[in-house]
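Below: the structure, in structure tokens.
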Amino acid sequence: MKKQDNDAETEALDALFDTARVHPPEVPQALMARVLADADVLQPTHGRHHAVRLGLRAWIADLLGGWQGMGGLVAAAAAGVWIGWSPPETLPDAGALILGYESAEVMSTTAELTSFGWDLDGD
């Protein structure tokens, strides 16, 4: 296809679009009424939903984001209890520190700070 043919087709298409803009087609009233009725059905119902009185358990579940939010909250709480009950070796025991049962060890030498567990002596 040559550029001249492409330009001619583009001009013809532009002329058709200009004609359609000048004389837009009329939409039948029955079709417009059906489209608007469907649109009303699909509109969000925020006001109507909250008019229904929820029980305490349903209200709390809705407040926390439904079952997805409550699932995340339960997972985070379980992880917190697990880490708090049995902390990793690298973390100090926060409960014991607060109650004064143990003190946090501070790394005193630069070898402990810089070696990352590698043997620097080459032995």
Those residues that, when tested against Asp18, pass side-chain hydrogen bond (donor to acceptor under 3.5 Å, both in side chains) (two or more places apart): Arg21
With Arg57, which residues qualify under side-chain hydrogen bond (donor to acceptor under 3.5 Å, both in side chains), at least two apart? none
If you group Ile, Leu, Val, Met, Phe, Trp and Tyr whenever their side-chain heavy atoms sit less than 4.5 Å apart, what else falls in with Val27? Leu31, Met32, Val35, Leu36
Give me the other members of the hydrophobic cluster that Phe17 sits in, counting Ile, Leu, Val, Met, Phe, Trp and Tyr linked by side-chain heavy atoms under 4.5 Å, directly or via other members. Leu13
Spell out, yes or no, whether Val74 and Val81 are grouped together once hydrophobic residues are joined by side-chain heavy atoms under 4.5 Å, including indirect joins. no
What residues, two or more places apart in sequence or in another chain, satisfy side-chain contact (heavy atoms from CB on, under 4.5 Å) together with Leu73? Leu64
By the side-chain hydrogen bond (donor to acceptor under 3.5 Å, both in side chains) test, which pairs, at least two apart or in different chains, include something from residues 67-82? none
